[in-house]
J.: 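Got a structure for you, written out below as structure tokens; questions coming shortly.
Letters A, B, ... are given to chains in the order of the sequence lines, protein chains preceding strands, and every chain is numbered from 1.
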Amino acid sequence: MDTRIVIVISAALFSLLVISFLFRFILLYQKKTAAFETEKRLIETRFQQELLSAQLEIQEQTLEHVSQEIHDNIGQTLSLAKLTLNRLDVSNPTPGIDHTKDMLTKAIADLRAVSKSLNTGAILSAGLLKAIESELKQLEKSGAYTTRLETSETQSTLKPQHELILFRIVQEALNNIIKHAEASSVIIRAEFRHQELALSIADNGKGFMPPADVCEGNEGIGLRNMCQRTKLLQGSFCVESIPGNGTSIHLLIPIA
Amino acid sequence: MHWKAYFSYLDSLTPALVLLLILILHKYRRILWTKQDKLLLIFLTVQLVLNGLAITIELTRIFNNNLWLYHLNCLLTQAIFAAYFFQLFQDKARRRFVLYTSIVFLLAFIANILFVQPITTFNSYTYALGAFFTVTYGFVCFYKWMQGLPAFNILALKEFWGAAGVLFYFGSSFFIFISYEYLIRVTPKTVSILWMLHNVFLMIACIIFARAILAKEWIHESSLSSAPPYSRF
């Protein structure tokens, strides 16, 4: 073969070697940046979850403190007031005293219920379904709602912390129903499936147009809180609502 | 004119065209030039002037020999790229490496002229040594980037194209410089084909350098040493 052709081929091979090195570098670099980006996102997600978890913990501590205050101080004061009323001279009854006594009895009962619903320990010891049932009973007592709790035959236990978060989500949903829905019926379904819990809260109220991104949008702070709490449990959150046709909130929570 | 003659002019024609393109674009697009860009512009100018002068001497026969221009070209090219990588490297160890290799090159350059390849012959050995050192700088640079990830998109960086051009030109030409003496001795006819290949490599390198100068992103100085990835101006 002509020496010149050999030289050209050799030089071409040499430059191809350099070019292939550059291509290899670019590919490896892109692979590494992609891995770095994934890791960065993972760290960010973990940080967000930890932050949310810390916020919830602080919130629970605050609620517990409020609950104790209601039970120990305000409740006690009201009980004392009732006791004082009972000791009044019955031979000389003042008009309205009986009515005041009834009102105080109701106030004490209501305060106890509120205290119980805020108390983390009470919720944890009763269990999620019992706690939800108690909330629905409270709702029914108002006389404005009919409620129903439907559960699957098989039931699994969740981690206490997860049960508490789920209970807070249900409370938030019920709060939204009371404040905005103008509903007369509330149905909560808790279905324990294989390795997941499907929870839904449905009402027959006026409904609304849910925002496109429930979790990130500025509309509906309550909805956003519920969604973020669901994320904390690695679950999925979805809102179904049409104006005039009620609202349903669906949660799917993995049971690990 | 024979088609081969065009290849002989490529080493001065390409830098001229690339410089012209950059100057036109600079006028209309207000491109910001970094220190590295200025060094690449100096390299292109040196190639244009010295290669153009070498062709002129060859055609007009003003001097008997134009090979002293290649000695000068080799020295200036090495100085330019040593400065280029010295600016690019921020840590002392790598800067010291550039400094020491530059001193070694300078000593080898003088020794080569005095004892091996005088000024009237082509200095293939110092070209090969210079190419070897410059390619090493390029590899060190790529290795550091792989560790430090200076940008999300490396292809957008001026420095990447600069180092890629260096690696391509000196990496490909190294073969020519190292085999030059042997081939000249065995088959003297091959000189022209060697120069044609060199000029093609230089042409491609000039285009890559133009891409480097026209790129809009560059690395923040501190991101080359210990700063977190993707930090830049």
Side-chain angles (χ1 to χ4, degrees), chain A residues 1-55 57 212-218 224 227-228 231-232 234 236, chain B residues 4 7 131 135 138-139 141-157 160-161 163-180 182-184 186-205 208 228-230:
Chain A
M1 202 189 287
D2 190 351
T3 323
R4 281 176 292 187
I5 295 170
V6 175
I7 292 169
V8 171
I9 292 170
S10 310
L13 284 174
F14 219 77
S15 60
L16 275 176
L17 198 73
V18 177
I19 292 168
S20 65
F21 166 80
L22 289 171
F23 273 105
R24 182 93 184 118
F25 170 81
I26 293 166
L27 284 176
L28 279 174
Y29 188 92
Q30 283 175 341
K31 207 172 159 185
K32 208 173 169 186
T33 45
F36 172 73
E37 283 295 311
T38 312
E39 199 184 328
K40 204 169 95 177
R41 270 199 295 274
L42 202 73
I43 291 168
E44 274 171 7
T45 311
R46 264 191 217 144
F47 174 74
Q48 285 299 330
Q49 283 189 338
E50 277 173 23
L51 195 70
L52 201 60
S53 177
Q55 280 174 343
E57 204 172 302
D213 191 353
V214 178
C215 287
E216 300 299 329
N218 288 326
R224 199 177 63 197
C227 181
Q228 284 180 347
K231 274 186 181 174
L232 197 65
Q234 317 289 330
S236 64
Chain B
K4 283 180 184 174
F7 280 98
V135 166
F139 277 124
C141 204
F142 279 105
Y143 173 73
K144 197 73 183 173
W145 285 340
M146 189 56 93
Q147 284 186 322
L149 305 176
F152 178 70
N153 180 15
I154 190 93
L155 297 175
L157 288 180
F160 168 77
W161 291 106
V166 164
L167 213 63
F168 176 79
Y169 172 60
F170 290 100
S172 305
S173 303
F174 183 71
F175 163 79
I176 295 167
F177 300 141
I178 205 79
S179 58
Y180 185 85
Y182 171 77
L183 289 170
I184 286 293
V186 179
T187 50
K189 282 182 189 173
T190 53
V191 181
S192 61
I193 197 84
L194 283 176
W195 278 115
M196 275 185 212
L197 282 169
H198 169 267
N199 289 355
V200 170
F201 292 147
L202 182 66
M203 182 188 76
I204 296 169
I208 299 173
Y230 306 156

J.: Please look at Ile193(B) and chain A and tell me whether the side chain, the backbone, both or neither of the residue comes under 4.5 angstrom of a heavy atom of that chain.
T.: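 When you check distances to chain A, only side chain atoms of Ile193(B) fall under 4.5 Å.
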J.: Any donor and acceptor pair, going by atom type alone, linking the side chain of Lys32(A) with main-chain N or O of Met146(B) inside 3.5 Å?
T.: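 Pair found, side chain donor or acceptor close to backbone of Met146(B).
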J.: Tyr143(B) versus chain A, heavy atoms under 4.5 Å apart: side chain, backbone, both or neither?
T.: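 No part of Tyr143(B) comes within 4.5 Å of chain A.
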J.: What part of Leu28(A) gets within 4.5 angstrom of chain B, counting heavy atoms only: side chain, backbone, both, or neither?
T.: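 Both the backbone and the side chain of Leu28(A) come within 4.5 Å of chain B.
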J.: Listing request: all side-chain hydrogen bond (donor to acceptor under 3.5 Å, both in side chains) pairs with a residue in residues 167-180 of chain B, at least two apart in sequence or in separate chains.
T.: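 Listed once each, the pairs are Tyr169(B)-His198(B).
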J.: Compare all side-chain heavy atoms of Phe201(B) with those of Phe170(B) and state whether any distance is below 4.5 angstrom.
T.: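 Sidechains of Phe170(B) and Phe201(B): no contact.
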J.: Restricting to ring-ring contact (aromatic ring centres under 6.0 Å, His included), what partner residues turn up for Phe174(B), sequence neighbours left out?
T.: none
J.: Give, as side chain, backbone, both or neither, the part of Leu167(B) having an atom under 4.5 angstrom from any heavy atom of chain A.
T.: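 Interface part for Leu167(B): both.
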J.: In terms of heavy-atom proximity below 4.5 Å to chain A, should Ile204(B) be classed as side chain, backbone, both, or neither?
T.: neither
J.: Any idea how Trp145(B) and Phe25(A) line up, ring-wise: parallel (<30°), tilted (30 to 60°), or perpendicular (>60°)?
T.: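 Rings of Trp145(B) and Phe25(A): tilted, as their planes differ by 30° to 60°.
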J.: Under a 4.5 Å heavy-atom cut-off, does chain B meet the side chain of Ile7(A), its backbone, both or neither?
T.: both
